[in-house]
Every structure is written in structure tokens, then in C-alpha cells.
Undergrad: 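One structure follows; several queries about it will come next.
Chain letters run A, B, ... following the sequence lines, proteins first and then strands; every chain starts at 1.
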Protein chains: 2
Amino acid sequence: MATIADVARKAGVSVSTVSYALSGTRPISDETRQRIQVAMRELGYHPNAMARSLASRRSNVIALIYPEVATVGNTGGEFVQAAAQRARESGYQLVLWPFRDSEGKEMRNLARQGMADGVLVMEVCLDDDRIDILEAAKIPYAMIGRTRDVSARPSVDIDFEATVIGAIDHLAGLGHRHIAFINHSQERIDAGYGPAVRAAAAFDEQMAKRGLTALSRACEDSPVVGRKVTADLLTSDPRVTAFVTMNELATFGVYAELQARRLAIPDDVSVLGIVTSPGVGTLSYPVLSTMHSPGGELGRLAVDCLLSQLDPARQPIPNQLIACVLEPGMSIGPARTIANVDLGRS
Amino acid sequence: MATIADVARKAGVSVSTVSYALSGTRPISDETRQRIQVAMRELGYHPNAMARSLASRRSNVIALIYPEVATVGNTGGEFVQAAAQRARESGYQLVLWPFRDSEGKEMRNLARQGMADGVLVMEVCLDDDRIDILEAAKIPYAMIGRTRDVSARPSVDIDFEATVIGAIDHLAGLGHRHIAFINHSQERIDAGYGPAVRAAAAFDEQMAKRGLTALSRACEDSPVVGRKVTADLLTSDPRVTAFVTMNELATFGVYAELQARRLAIPDDVSVLGIVTSPGVGTLSYPVLSTMHSPGGELGRLAVDCLLSQLDPARQPIPNQLIACVLEPGMSIGPARTIANVDLGRS
DNA sequence: CTGTTAGCGCGTTCAG
DNA sequence: CTGAACGCGCTAACAG
């Protein structure tokens, strides 16, 4: 491996000149620059990342706290892909730190080893130790999601309120007045899982504001439970003509129960999946209309948000929210005016 | 940030003693070790990763070439998660290098900067430039998947032959003699996409060996095309009583077409999805029986395979193949003896 | 068992 | 516009 000294010797200049030519931190005459570049090419020179980091005290690496998420759908993958891509474009690399929520201390200790200049924290909860630990240690970070008090904390997140408003307006515009909402499990809501809490709050609030009837239910992430909850909803209020679901697996149960009851989608009942992964809508028949998470956009933004703190020259990025994207399917239609309970067909 | 020199001073020993206490490369008296540990604790010392890497010439980082895979299902996520986890257990970190297949040179150049000690290459094709480039540059690597000639190349992969044999034996044992196989697209087969090529070859060979009738079809990754191909298969050979699919999205089309024809699953036709992601079976009704990819296992193995080359003391890991895991659902039953074409029901 | 010290490859003052 | 030289924090001989 050729070093900077080899290049300097070959080009007949000093090492510092080569260094400056590399970083552009100082004006270099064109001729000198040429000679240096030729020398670099001929020697197959590649600057050593470790030496550079040691001397400059910046690793040019950002860490992604990568939670163990068992999910269908690939939003997480999109996020990671986009984040890695954006990091590379910005001259950084992305390392994966597979820490669980409870391993905040381990995370901080790793960060103190100087391997990463900053940290991206996924799946942040309303009350999240990790963020406190990072702040106490003065480690630059950006969170995906939000803690309860987000005022001065760098974050990017899905705009649940806008997403829910989009969903409700869409359905209400088609005459739906009794709309069910199927959330994640009560357990996750109680654990302060941001999406579950925020979306539910927004749903109830927006429905009330419009004088519509909201039927919200927590539901475990599974088709079987989704089906049970759907049955329960239809029984307890037969006027329901639309389902908004924020639970990919449960949505398959919604379809199953509707089909079992011979309720046609979308003629009798409309279904809209929100905060899903792109593509999952096409797995259902008729194709589920969805509002999918902007995983890629979030990934890029999260990186930008973090880098804006590492490099004071960059524009600081304000806390940013992105709404989910409507992916029209075939599962939404105008509301029926007759209660579905009367419509059993065989 | 405290340095090793601070620790040495505080403990009243030399820096090398601290260094050796840290690495355990040299015997240290218990008493000295105690003093050092106390000093480290009091100073909140954390060794600097960059300095360590520079001096030792090993970064303790491995890179994962992370392809842009647009897929439903989370096998990729499981792989990455498991790999990152295993790397951490082994004292390594995993960095993501989002390079496309065509960016072999860029990948090599990054590797030459010494940021990573070795490289994991996902989604390897039968003819893959990247592997040639890595070998030419003498960069340690392990591939997930296999090139055409795999003899001496470190790799881990799905055991497509064993998976296919498992699938066929299962179905043949239930009396199925005319079995359809739905593959990925012709385009991917032509591109030398390993899974598509290997599984198809294994399927035809094993079916022939058993005197069974194989109906293999390439199929784009989409429910719509999957449905068309299914219709075509049922029309061209009504004796088909079972589908083996290696195409998650197309499988939803298989279900749709069977339901449209009022063919009951599994009474009239059995369906088995192979090389799927865990959980996708539950998205279908009746629950699809699957043989899912061992993503986690592959991730761990890939890391072990690479690390065994970096550390000569480790046992070398032979090229290893892992079969997919049967996840029983409700979509497989005994074969009918009457051609399905005669069974239209309404 | 412990200490001394020369690098690892590069960034960045400071002097010219 | 260019060079010389020190230091980043640690590892690993070499010397005891």
C-alpha cells in the first residue's frame, strides 16, 4: 500500500502539499496538482481511512442503532438502504449497531471509542433512555421517531397527523361516517410506541372534529387477531362502512372476515391501510389501497439531520415530519347507506 | 477523552502494560491488572478505535455490500440483523456499502482505504465481476450465493437442491404426480440469478428422477402475472394438482386464480411456497405452507466464514449450504385423482 | 512479569 | 504557494 509519503516523493513535493491537494484546504498550483495526481494514479494510492480519522479526529462514520424488528414488509430495509446511500454520497459510511432498547449504556460506550461521529436511533419510544444517555454523553444523534418532548431534539418522523387526516378526508369525502381504526397491540401502545400512540390520538381527534363516529381498537399484529377484532367491530356497530388499519398483518384478517361475511370490498366496506410498506397492498385481492411509509425519504432525511450537526457549516435541519404516500388500490369506494348487518349474501 | 497514557500514569505503569492488559496478549500480574482497571474506571477510559486500528493494521470492521433489493418480505432484514449481531459478538462491526453490481471497482477502492478488513457480498450471480475484482485485489470476502465455479471460493448459500427435494418428497408422498413450478422471471434466470437457476435445475432433475411430470414456468414477480401463469398452467395441463412457487408475489396470484376457478386449497390443489420469508405464509388464506429462507442462519454463517479467513487461528469454514425450513400451513393436502378441469363449482 | 520506544499514515500548525 | 515537523492514541517489537 502506497502512503502519502510515497506520493510526495514521486511527485517531488512534500507530504503536506499532497495532503492539501487531497483535502483542498489550501490553494495548490495547477501544475503541482497535476504532478500529484499522476503520482497517485501510478502508485495506486488510496488514502488510509484510519490514519486520516486518527489525525482529523473524525471517523466519517455514522452508526445506525438497528433494532430487531420482526415485520413483514420492507420499509425498514428501504430506510436502511436509503440512509446508507445518502451517507455515502456525503462522504460517510453507515455502520450497524444491533443494540436492543435496553442497551443504551453499551451503545454509549461503543460511541466513546470514536468509531462513529454520530448515531441514528430507530424505533424511538415516547420515553426512551437511549436519547437521555446520548445527550448526557454529548454524542451527536438524530432520532427516527420522537420522544415525548421533542422540542429541541433532532428528529425525523412520519407525520401521523397529516396521514390520518388524509385518510379520514378521503373516506369522509366518499360519505363514510362510521369508521373503524385498527391499531397495533395494546401492549405496544402502553409501551409508548410512537406510531401507535400518535396515530390513534390523531384519529380520535380528527374524527371528533368532523362529527364522525370513530371506533378504535388495539389489535395484535396477526391476521387471526385482526379477523377477530374485525368481527367484533362489525357486530358492535353494524354501521361501520370503512376500516382504517395501521397493522399490516391484521389487515389480512380484516379481509378474511369481510370475505367470510360476504361483505364485498369496496362495495359494502372500504379498507385503507396506513403506515404500510410499499407493495403490500398488491398482496391482497382486491388490491388494498394504502398510505405507505416514506422509508427512503426518512432515511435520507435522518442522515441529513445528523450530518447537519456534525458539520457546523451545514444548514441545520429542523425537526421534520413526512406524511405517508397514498398508493391507490381497489379497496375504497363510496359508503353504503344501509347497515352492513342486513346485507348477508350467499 | 482519557488516553492510554493517562491510565498508565494513574496506575503507575507503562503504556505497554496497559495495552497488554487490554488485549491480554501478554501475562500481567493480578495486582497490576487491578490497578489498571481501577484507573480505567476512574478515568472513564475507552480505547480509541481509530488509533488501535491504525497501529494494529486491522479495522475490526467488515463491510456488507448491500444491494438495492425491492422485495416484500424481510429475509434480507433478518440476514443483516443476524450478521450485525454475530459480528458484534465476534468483536467486529458491520458497515453497509450500498454498491450496485456494476460498482465493483468503487467497492474495491473503498476496501483499499482500509476501513474494512473483509467484505460480505450479497446477491451473488453465477457470473459476478465483483468476486473477480475482490480476488484480484486479494481482499478477503465471503459471498452469499455462489458463482458458477465455487470450488475454492468462500461462500454460504441456500441449499436449493435439498429444499426442492424436500418440497417434492412432501408432495409426492401425498400422491401428487403433476407438479407445477413457478420461478422468478426469465430475465433473472438469464441474468444468472443463482436461486432461479439452481432451483429450477434441481426441480426438473428431481422430478424426472422420480418419473413425475414437471411443469416449470418463469414468472415475473407480481400477483397479476402469477395469476396469468397459473391460468396458463391449469389450462395446458389440467392434471396439475400441486404448485411449488419460488416467487412470493406470484404466489398471491396463484391463490387468486385458484379461487376464481373455484378450486379449493388444498382439497383440489395444493400450494407450497419455497424460499420465502418467514411469516408470509400467514398472509394468505388458507395459510400458505412454506419453506422459508434461513436468513438469520445465513447471516451468522456468512460472518463466521469471513472471519475464519481474517483470523488464521479460527477453523476454516467450508462452503456451507442450508436448506429452507418447512413452515406448515393449510395449503397442502392429498392429490385428487380427477383432473381439476372437471371440477368447476359454483 | 514490566518498561522504552519506534512506528502506523495522515492532518495541521508554523516558518518560509 | 510550499516544506518541516509534531502529534493523533495505540501496538508490538526489543530490552530488561
Undergrad: Have a look at B/Ile322 and tell me which of B/Ile158, B/Leu301, B/Val156, B/Asp157 forms a side-chain contact (heavy atoms from CB on, under 4.5 Å) with it.
TA: B/Leu301

Undergrad: Distance-only, no hydrogens or angles: does the A/Ser59 side chain make a donor-acceptor pair with backbone N or O of A/Ser53 under 3.5 Å?
TA: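 Not a single qualifying donor-acceptor pair exists.
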
Undergrad: Under the 3.5 angstrom rule, does the side chain of A/Asn319 hit a backbone N or O of A/Arg153 as a donor-acceptor pair?
TA: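 Yes.
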
Undergrad: Below 3.5 Å between N/O atoms, which protein atoms pair up with nucleotides 6-10 of chain D? Just atom names and distances, please.
TA:
| from | atom 1 | to | atom 2 | distance (Å) |
| --- | --- | --- | --- | --- |
| D/dC10 | OP1 | B/Tyr45 | OH | 2.4 |
| D/dC10 | OP1 | B/Asn48 | N | 3.2 |
| D/dC10 | OP2 | B/Ile4 | N | 2.3 |

Undergrad: Sequence neighbours left out, what pairs pass salt bridge (Lys or Arg N to Asp or Glu O under 4.0 Å) with at least one residue falling in residues 42-58 of chain A?
TA: A/Lys10-A/Glu42

Undergrad: Take the C1' atoms of the five end pairs on each side of the helix from C/dC1-D/dG16 to C/dG16-D/dC1, get both axes, and report the angle to 10 degrees.
TA: 30°

Undergrad: At a cut-off of 3.5 Å, list every protein nitrogen or oxygen paired with a nitrogen or oxygen from nucleotides 2-4 of chain D, distance to 0.1 Å.
TA:
| from | atom 1 | to | atom 2 | distance (Å) |
| --- | --- | --- | --- | --- |
| D/dT2 | OP1 | A/Ser29 | OG | 3.1 |
| D/dT2 | OP1 | A/Thr32 | OG1 | 2.4 |
| D/dT2 | OP2 | A/Ser29 | N | 3.2 |
| D/dT2 | O4 | A/Arg26 | NH1 | 3.0 |
| D/dG3 | OP2 | A/Ser14 | N | 2.9 |
| D/dG3 | OP2 | A/Thr17 | OG1 | 2.9 |
| D/dG3 | N7 | A/Ser16 | OG | 3.1 |
| D/dG3 | N7 | A/Arg26 | NH2 | 3.4 |
| D/dG3 | O6 | A/Arg26 | NH1 | 2.8 |
| D/dG3 | O6 | A/Arg26 | NH2 | 3.4 |
| D/dA4 | N6 | A/Ser16 | OG | 3.4 |

Undergrad: State which residues pass salt bridge (charged side-chain N to carboxylate O under 4.0 Å, His left out) with A/Arg33; sequence neighbours excluded, sorted by chain then number.
TA: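 So A/Arg33 forms a salt bridge (charged side-chain N to carboxylate O under 4.0 Å, His left out) with A/Asp30.
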
Undergrad: What pairs of residues pass the salt bridge (Lys or Arg N to Asp or Glu O under 4.0 Å) test when at least one of them lies in residues 73-82 of chain B, not counting sequence neighbours?
TA: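 Qualifying pairs, neighbours excluded: none.
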
Undergrad: Walk along DNA chain C from 5' to 3' and tell me the first and last nucleotide with an atom closer than 4.0 Å to a non-hydrogen atom of chain A.
TA: C/dG9 to C/dC14

Undergrad: Can you sort out the partners of A/Ala51 under side-chain contact (heavy atoms from CB on, under 4.5 Å), two or more places apart, ordered by chain and number?
TA: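 Expected list: A/Asn48, B/Leu54.
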
Undergrad: Which residue pairs pass the salt bridge (Lys or Arg N to Asp or Glu O under 4.0 Å) test when at least one of the two sits in residues 81-99 of chain A, sequence neighbours left out?
TA: A/Arg86-A/Glu89, A/Arg86-A/Asp304, A/Arg88-B/Glu103

Undergrad: Output all residues satisfying ring-ring contact (aromatic ring centres under 6.0 Å, His included) with A/Tyr193, sequence neighbours left out; order by chain, then residue number.
TA: A/His184

Undergrad: So, using salt bridge (charged side-chain N to carboxylate O under 4.0 Å, His left out) as the criterion, who are the partners of A/Asp117 when residues are at least two apart?
TA: none

Undergrad: Taking only residues two or more places apart in sequence or in another chain, which ones pass salt bridge (charged side-chain N to carboxylate O under 4.0 Å, His left out) with B/Asp149?
TA: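 None.
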
Undergrad: Do A/Glu135 and A/Tyr141 pair up side chain to side chain, a donor and an acceptor below 3.5 Å, judged on atom types alone?
TA: yes

